[in-house]
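Computed from a predicted model, the values in this text were never measured in an experiment. Any value given below was found using the heavy atoms of this structure, including those in side chains, with hydrogens, waters and symmetry copies removed. In what follows, chains carry the letters A, B, and so on, assigned in the order in which the sequence lines appear, proteins first and then strands, with residues in each chain numbered from 1.
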There are 2 protein chains.
Amino acid sequence: MTTKPPADPRRPLTLRDVSEASGVSEMTVSRVLRNRGDVSDSTRERVLEAARTLGYVPNKIAGALASQRVNLVGVVIPSLSNLVFPEVLSGISQELEETGLQPVFGVTDYNQDREEAVLYEMLSWRPTGMIVAGLEHSDAARAMLQNAGVPIVEIMDVDGEPVDSVVGISHKRAGLEMARAIVKAGYRKIGFLGTKMPHDHRARKRLEGFEAGLAEAGLTLADTEFYSGGSALLKGREMTEAILKRSPDLDFLYYSNDMIGAGGLLYCLDKGIDVPGKLGLAGFNGVDLLDGLPRRLATMDACRREIGRRAAAIIAGRSESGLVGGERIELSPTIQLGDTIRRTS
Amino acid sequence: MTTKPPADPRRPLTLRDVSEASGVSEMTVSRVLRNRGDVSDSTRERVLEAARTLGYVPNKIAGALASQRVNLVGVVIPSLSNLVFPEVLSGISQELEETGLQPVFGVTDYNQDREEAVLYEMLSWRPTGMIVAGLEHSDAARAMLQNAGVPIVEIMDVDGEPVDSVVGISHKRAGLEMARAIVKAGYRKIGFLGTKMPHDHRARKRLEGFEAGLAEAGLTLADTEFYSGGSALLKGREMTEAILKRSPDLDFLYYSNDMIGAGGLLYCLDKGIDVPGKLGLAGFNGVDLLDGLPRRLATMDACRREIGRRAAAIIAGRSESGLVGGERIELSPTIQLGDTIRRTS
DNA sequence: AGCCCCTTTGATTGCGCTATCACCACGTAT
DNA sequence: ATACGTGGTGATAGCGCAATCAAAGGGGCT
């Protein structure tokens with residue numbers, strides 16, 4: 001059988017073209033290409049051959065409309081330049097790999113209006129499920145998610161009221177526990193260095209938890225320093241220099257993330273400051289960048305990849321088994337003292 | 001006017017629901033929601049009000065099928081854990097922001113089979129255009145891209161034959177120029193440290209260019225060291241230690257990326273090695289991480305954000321103006337000598 | 001032979017939307 | 001008066017596919 005080329009070479013191919021080329025009905029072609037229903041081996045071969053030589057690519061738009069099923073999972077995150085989120089995405093991708101589901105990413109830049117727009121856009125493709133970073137959304141966004149009629153998983157954070165399911169860690173508790181560890185190690189004059197992003201709710205919660213932990217020991221933050229934008233490592237250096245110049249008697253610096261913490265550590269080593277004797281340091285995240293530093297920064301693992309995996313599993317699982325949802329998974333970040341907190345043992 | 005709730009509360013809303021709630025035809029609702037055609041202000045208000053209170057979200061699947069237009073741009077990259085690609089994505093996002101086009105990302109893990117699968121999946125959504133990292137694809141993948149009938153932009157690399165348009169830098173030339181700079185600075189016993197990924201064609205081309213540059217001065221690589229996986233910073237340390245132990249007389253180390261270069265730099269500073277006097281170092285990429293290091297590593301900017309922007313602009317531009325395509329944009333990375341190459345001046 | 005059952009294939013319908021054209025009610029020009 | 005726009009609206013058809021049911025072609029059984 002000769003495969004005749006389509007009439008108009010620039011007209012996109014359809015099932016009909018494959019059907020004509022292989023001499024069977026469109027329905028049978030559809031069945032072959034989706035591996036669904038019984039088709040004899042001989043026709044299957046013929047159809048696949050025709051599809052291959054034509055270079056046919058199915059039109060999922062039409063397929064999705066007809067079947068009311070879409071293999072997409074919307075993933076909404078605040079940023080890509082954070083190093084944290086790519087790892088979450090990676091966990092999601094990995095878990096979804098074998099399910100036939102496809103993640104689609106959207107970035108909000110920590111901006112609620114952008115988030116609303118991205119959610120609207122994504123929901124308009126009628127995805128199988130949504131994974132959204134954080135629990136804080138505009139009312140309109142919450143309403144959209146609630147009405148979407150598909151599983152919603154909010155990730156990263158568990159301190160708040162989820163729309164549906166939630167997978168994350170308690171950033172409040174993370175801050176609290178780090179404060180306790182620092183106090184226990186004997187540090188008393190403690191400074192905080194972080195970002196100036198009012199919409200990074202997780203950083204805010206860590207700070208709140210941290211202050212609560214200090215309060216347990218009757219302490220308050222001795223000084224704080226904030227930044228925004230730029231190379232985090234460099235900012236860590238600069239902020240550390242600034243805060244130590246202003247408050248030379250600090251004996252501990254808590255950084256809101258590992259990158260600025262690493263910058264601070266490099267600064268202290270440069271200056272020959274005795275770490276952790278005279279000055280202790282800690283960050284947050286457990287990025288593996290830290291493994292390469294001259295000294296291991298104290299930190300707390302945020303379970304990023306695991307969060308992605310579990311969230312994806314909920315979507316994937318729920319899309320098969322018609323579960324009702326509302327799962328709540330709180331992971332426990334483990335504190336790693338590294339070499340920048342005095343060991344009290 | 002009271003907006004009656006939909007009959008079945010779990011049935012997804014359609015244009016018909018909004019049309020009934022607002023007392024106009026579906027067509028008029030469609031026009032209002034897309035801001036197309038003339039609609040009187042009073043009806044527009046009524047329709048928007050109804051849509052808002054119902055919480056209607058349009059179904060783009062149906063819309064795309066009917067209009068044969070899809071506002072998606074497929075973006076295919078090899079990895080997210082590389083720090084380089086998130087920046088490219090960021091450039092793409094930014095450029096696409098105002099065009100109504102939406103990027104959709106797919107990750108191949110430097111695997112040609114995965115790439116083929118991801119391309120097939122993406123093309124089946126009939127995107128407005130595709131941005132694909134690299135020029136090396138399987139025959140099937142090339143064929144798919146060629147037949148897609150939409151603008152294709154291959155990015156990062158210009159050393160090869162593009163399917164359609166291409167935006168990137170010459171990695172061969174980047175390697176070559178770095179080699180020349182190193183030779184000119186007087187280094188002679190030069191080692192290379194890189195990844196063991198046979199499918200990272202850009203790293204390979206840089207190495208080829210680099211060796212060609214050495215050859216101009218009658219030199220060859222004195223030693224090489226490869227790694228795969230793990231924390232790049234730590235690997236940089238370990239590899240540097242290994243290669244220097246094996247070949248203590250090396251006077252320069254060229255790293256295939258900045259992260260391992262940074263690890264190497266930290267190692268050398270730890271060991272008190274005279275950089276750049278006794279030993280010169282250079283990386284590749286110009287990641288802003290380097291700004292925070294104790295000494296600035298020599299490197300070469302890969303124009304990542306710019307590449308993303310230009311690629312997106314081609315898609316956006318071509319989707320309006322029915323241009324024919326085939327653009328070729330070669331950006332020029334600038335060498336930054338930093339503090340780890342001797343200044344010959 | 002007549003029956004049933006199973007496998008394989010095809011015809012029809014509709015998913016939710018937009019393109020297109022038709023239509024109506026007004027003006028305004030001729 | 002007739003013709004002709006023009007802003008506003010609705011009716012109809014169809015995008016490319018999959019769900020569904022109908023039908024055709026074999027066996028194997030009584």
Side-chain angles (χ1 to χ4, degrees), chain A residues 6-8 11-48 50-51 54 56-71 100 121 123-128 148-149, chain B residues 6-8 11-48 50-51 54 56-71 100 120-121 123-127 148-149:
Chain A
D8 173 0
R11 181 179 54 79
L13 296 167
T14 71
L15 269 190
R16 152 158 262 111
D17 295 300
V18 183
S19 122
E20 283 172 0
S22 55
V24 297
S25 72
E26 299 176 38
M27 202 51 235
T28 300
V29 176
S30 169
R31 277 195 270 256
V32 169
L33 295 179
R34 286 178 301 145
N35 272 318
R36 204 146 297 186
D38 299 311
V39 180
S40 71
D41 289 349
S42 64
T43 34
R44 175 187 315 286
E45 282 314 313
R46 224 151 19 104
V47 168
L48 287 177
L54 287 177
Y56 173 71
V57 177
N59 184 333
K60 287 220 183 189
I61 297 175
L65 184 61
S67 67
Q68 305 281 54
R69 274 187 275 103
V70 180
N71 70 335
E121 167 76 21
L123 288 175
S124 74
W125 287 100
R126 301 291 189 265
T128 293
Chain B
D8 172 1
R11 180 179 54 77
L13 296 166
T14 72
L15 267 191
R16 154 157 260 112
D17 296 300
V18 183
S19 121
E20 284 172 359
S22 56
V24 298
S25 71
E26 299 176 39
M27 201 50 236
T28 301
V29 176
S30 169
R31 278 195 269 255
V32 170
L33 296 179
R34 286 178 301 145
N35 273 319
R36 203 146 299 187
D38 298 310
V39 181
S40 71
D41 288 349
S42 65
T43 28
R44 176 189 311 287
E45 283 312 312
R46 226 151 18 101
V47 168
L48 286 177
L54 287 177
Y56 173 71
V57 176
N59 185 333
K60 287 221 181 184
I61 296 176
L65 183 61
S67 68
Q68 306 282 48
R69 274 186 277 105
V70 180
N71 70 335
Y120 189 77
E121 167 77 20
L123 288 174
S124 74
W125 288 99
R126 301 291 189 264

Upstream residue (5' side of DNA chain D) when B:Ala62 and B:Gly37 are each assigned their closest nucleotide: B:Gly37

Distance below 4.0 Å between A:Ser25 side-chain N/O and C:dT9 OP1 or OP2: no

Nearest-neighbour nucleotide for the A:Leu65 side chain, D:dC17, C:dG16, C:dT18 considered: C:dG16

Out of C:dT9, D:dA19, D:dG10, whichever nucleotide has its closest atom nearest the side chain of A:Val39: C:dT9

Proximal nucleotide (of C:dT8, D:dG8, C:dA19) relative to the A:Asp38 side chain: C:dT8

Separation of A:Asn35 CG from A:Arg44 CZ (nearest 0.5 Å): 5.5 Å

Phosphate contact (C:dG16 OP1 or OP2) by B:Tyr56 side-chain N/O below 4.0 Å: no

Nucleotide of D:dC17, C:dG16, D:dG10 approaching B:Met27 most closely (side-chain heavy atoms): D:dG10

Earlier contact from the 5' end, DNA chain C, for A:Arg44 and A:Ala66: A:Arg44

Any A:Val47 side-chain heavy atom under 4.5 Å of A:Tyr56 side chain: no

Whole-Å distance separating the CH2 atom of B:Trp125 from the P atom of D:dG16: 15 Å

B:Arg34 vs C:dA19: side-chain N/O to OP1/OP2 distance below 4.0 Å: yes

Side-chain N or O of A:Thr28 closer than 4.0 Å to phosphate OP1/OP2 of C:dT9: no

Under 3.5 Å donor-acceptor, B:Ser124 side chain and A:Asn59 backbone: no

Spacing of B:Arg31 atom CZ relative to D:dA11 atom C1', expressed in whole Å: 11 Å

D:dT9 OP1/OP2 closer than 4.0 Å to side-chain N/O of B:Ser40: yes

Phosphate OP1/OP2 of C:dG14 contacted by B:Arg16 side-chain N/O (<4.0 Å): no

B:Ser67 vs C:dT18: side-chain N/O to OP1/OP2 distance below 4.0 Å: no

Between C1' of D:dA19 and CG of A:Leu15, the distance in whole Å: 14 Å

Short side-chain N/O contact to C:dA19 OP1/OP2 from B:Arg69, under 4.0 Å: yes

5′-ward residue of the pair B:Val24/A:Glu26 relative to DNA chain D: B:Val24

Separation of atom CD in A:Glu20 from atom C1' in C:dG10, rounded to whole Å: 15 Å

Under 4.0 angstrom between A:Gln68 side-chain N/O and D:dC17 OP1 or OP2: no

A:Thr14 side-chain N/O to D:dG16 phosphate OP1/OP2 under 4.0 Å: no

A:Ile61 CD1 - D:dA18 P separation (whole Å): 13 Å

Any B:Thr43 side-chain nitrogen or oxygen under 4.0 Å from OP1 or OP2 of D:dT9: yes

Inter-residue atom distance A:Lys60.NZ - A:Arg69.CZ, 0.5 Å rounding: 11.0 Å

Length of the line joining A:Lys60:NZ and C:dG16:C1', which is rounded to integer Å: 20 Å

Over all atoms of both residues, closest heavy-atom pair of B:Ser22 and B:Ala50: CB-CB, 3.9 Å

Check: D:dG16 base within 3.5 Å donor-acceptor of B:Arg126 side chain: no

Note, B:Leu54 side chain near B:Val18 side chain (heavy atom, < 4.5 Å): yes

